[in-house]
Amino acid sequence: MNKRLIDWPTFILALVILFSVVIPLILFPEAGASVINQANEFVTGNFGILYLLLGLGVLIFLLYVSFSRNGNIKLGDRNTKKEFGTFSWAAMLFSAGIGSSILYWGMIEWAYYYEGPPFGITPESEEAINWAASYGMFHWGPVAWALYTLPALPIAYFYYVRKKPVLKISEASRPVIGKHADGPLGTIIDVLFIFGLLGGAGTTLALGTPMIAEGVNHVTGIPVSLGMQAVIMLICTAIFAFSSYSGINKGIKLLSDLNIWLVLFILAFVFIFGPTLFISEMTFTSIGRIVNNIFSMATWLEPLASVPGYEATNFPETWTVFYWAWWVVYAPFVGLFVARISRGRTIKEMVLGTLIYGTLGCVLFFGILGNYGLYLQLSQSFDVIGFMNEYGAPAAIIAILDQLPISWFIIPVFTILAIIFLATTFDSASYILAAVAQRKLIGGEPMRWHRIFWAFMLMILPMALMFIGGLETLQTASIVAGFPVIFIMILLAWSFMRASTDDLKLQRDARKPKSITIENISRKD
Ligand code: NM2
């Protein structure tokens, strides 16, 4: 173990902030929960517009970059081969960026919209049904994936084109902040990113653990309790710590591939044994509805809510703003990860690949799992909403699966899948956290003990909160911890444009589009 490789200011400051949140929350749980809830309302109530602007702006920016000359730049030298085949690449990127939450929301998000639709529509009406089937897909669609993709641009650029052996957000901001990247400003950027990601991970665990617990309960009969949920968290940590320890080419890749096969199995099963025609038609129709309405959906902030006397639904704050905030806190991490696995691709391939494969994957989940539940509700074969209102969403998810044939087999597979899905996000997250808290990587990798260390750190906040009964508070952690990340996102877009445009000016073969390699040019920094 080489202590000199650790970036001590970043490492220590991140831990100090983490513990200065965890300890007061343990000591004063009620006051702590109320502060977090107020902070959440303050951010989503007042700055929702910033998140929505960012989402739409980033999607437009990425489409512009892909089709500009900057998009043709290759991540590597002229003869660099793609490090991973497209299937593994897409599987890894999807498994890293998407965790168990897609099983949760994919199954049940429609139920919330059916009861509380957007745009002032009457609950449970036909309009509400159509929006219920579409809105979840939108929240996991192209705008969301654009947020994920943006940070990959500058990071991959510096790593493979300018060949700096550091996977850090501060490094990717260098073209704009200059030598401050090595000073306190750089440290603050990295620490804010770490803190945001810990918050995002908190939201994921707060949703995933109760769902896995219900699955385990259904299979084994063990009652859902705090202790049981803690054991689930520990088992998940052990799995992803091990996978992270074994590295990108072994554990992380293996789990991602397994993840994708299990996903394909579950999706195919529900599609074939569920109402196939309804699922196909509703999914197709929903895609059309989103394409048709994407601008209205991406900009709807319910402005009338601030008029006195208006009965607000708070839909945008509760859903779209919450979602964008959650995607944003994960984005620099996914960007770092996507960058790390994209050697040999062009910027355009990386961007469009992420947008397209990512969106398609999410459409499949929402289309198949969500519409299956919706069909049960509409055909009155199972009252999902009634069940959910009585026993909660995690139990409702398992109850929906219980309506399938051979559910004794499907429910354990689904539960295992949820654990693997969670693990494949958290193994890459701990890998990346270690990379950011390190000054240099050895052989392109952060140190092993360091990865394990962050794996356990990811679990500490949720575990502490669970024991004080605050898993619900934790669901909003992304928003509170992630607000500063909005500004980091803008910095990253700016950095990429500045660096790549400067290099293109210096590079003569930039006139031939297809694929441009940036080599042998002298730069100032
Ligand atoms: N996002 C994609 O919990 C998870 O599945 C991780 C969640 C940001 C909504 C990512």
Side-chain angles (χ1 to χ4, degrees), residues 51 54-55 58 92-109 112 135-152 193 196-212 232-233 236 240 255-256 259-260 263 318-338 354-355 357-366 369-370 393-394 397 414 417-433 458-459 461-462 471 474-479 481-482 485-486 489:
Y51 279 102
L54 182 76
V58 167
M92 273 199 272
L93 119 93
F94 195 82
S95 308
I98 299 296
S100 46
S101 311
I102 200 164
L103 297 176
Y104 188 104
W105 291 120
M107 298 279 302
I108 206 74
E109 196 162 324
Y112 290 86
Y135 239 97
M137 271 180 205
F138 166 69
H139 286 146
W140 295 70
V143 178
W145 279 93
L147 291 169
Y148 260 16
T149 316
L150 175 83
F193 150 66
L197 180 54
L198 292 174
T203 305
T204 295
L205 273 172
L207 291 164
T209 313
M211 179 178 73
I212 296 172
I232 290 176
M233 280 193 188
C236 290
F240 69 75
L255 270 190
S256 307
N259 194 13
I260 294 294
V263 160
T318 322
W319 294 105
T320 313
V321 176
F322 159 74
Y323 259 122
W324 281 192
W326 193 14
W327 286 85
V328 163
V329 285
Y330 267 98
F333 142 62
V334 178
L336 284 160
F337 190 78
V338 170
T354 318
L355 287 180
Y357 292 122
T359 301
L360 272 182
C362 292
V363 163
L364 282 182
F365 278 87
F366 279 80
L369 301 182
I397 292 169
F414 181 87
L417 178 62
I419 296 175
I420 297 183
F421 237 130
L422 200 118
T424 52
T425 300
F426 280 51
D427 59 4
S428 0
S430 44
Y431 182 95
I432 290 301
L433 284 169
L458 275 169
M459 187 59 72
L461 179 64
L471 273 189
L474 191 64
Q475 290 179 5
T476 57
S478 300
I479 295 168
V485 184
I486 294 189
M489 294 284 276

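Since the structure is predicted, the reported quantities are computational estimates derived from the model, not experimental observations. When a ligand or atom number is given, it counts from 1 through the structure's own listing order.
Close approach to I98 involves these atoms of ligand 1, each under 4.0 Å from a residue heavy atom: 2 (C), 5 (O). Of all the atoms in ligand 1, the ones that sit under 4.0 Å from a non-hydrogen atom of T204 are 3 (O), 4 (C), 6 (C). Here is the list of ligand 1 atoms found below 4.0 Å of a heavy atom in S100: 5 (O). For ligand 1, the atoms lying closer than 4.0 Å to a non-hydrogen atom of G97 are 2 (C), 6 (C), 10 (C).
For the pairing with W140, the ring pair (Phe, Tyr, Trp, His ring centres under 6.0 Å) check across F365, Y148, Y323 returns one residue only, Y323. Put simply, the residue from L147, T204, V321 that forms a side chain to side chain contact (heavy atoms under 4.5 Å, CB included) with W326 is T204.
Distance CD1/I420 to CZ/F240: 14.0 Å, rounded to 0.5 Å. Here the CZ-CG distance, from F337 to D427, works out to 7.0 Å after rounding to the nearest 0.5 Å. To the nearest 0.5 Å, the span separating OG1 on T354 from CH2 on W145 amounts to 7.5 Å. One finds the CG atom of L198 at 9.0 Å from the CZ atom of F193 (value rounded to the nearest 0.5 Å).
For atom 5 (O) of ligand 1, the closest non-hydrogen atom of the protein is G99 N, 2.6 Å.
Under 4.0 angstrom from ligand 1, the non-hydrogen atoms of W140 all belong to its side chain. Residue contacts with ligand 1, taken as heavy atom pairs separated by less than 4.0 Å, do not involve W145 at all.
Backbone and side-chain nitrogen or oxygen atoms of S101 are examined, and one is located within less than 3.5 angstrom of a nitrogen or oxygen of ligand 1.
The shortest separation from a heavy atom of A201 to ligand 1 is not under 4.0 Å, leaving the residue out of contact.
Closest heavy-atom approach to atom 2 (C) of ligand 1 among the candidates Y148, F426, Y330: Y148. Closest heavy-atom approach to atom 7 (C) of ligand 1 among the candidates W324, Y104, W326: W326.
At least one side-chain heavy atom of F138 sits less than 4.5 Å from a side-chain heavy atom of V143.
With hydrogens and angles ignored, the 3.5 Å screen pairs a side-chain donor or acceptor of T424 with a backbone N or O of F421.
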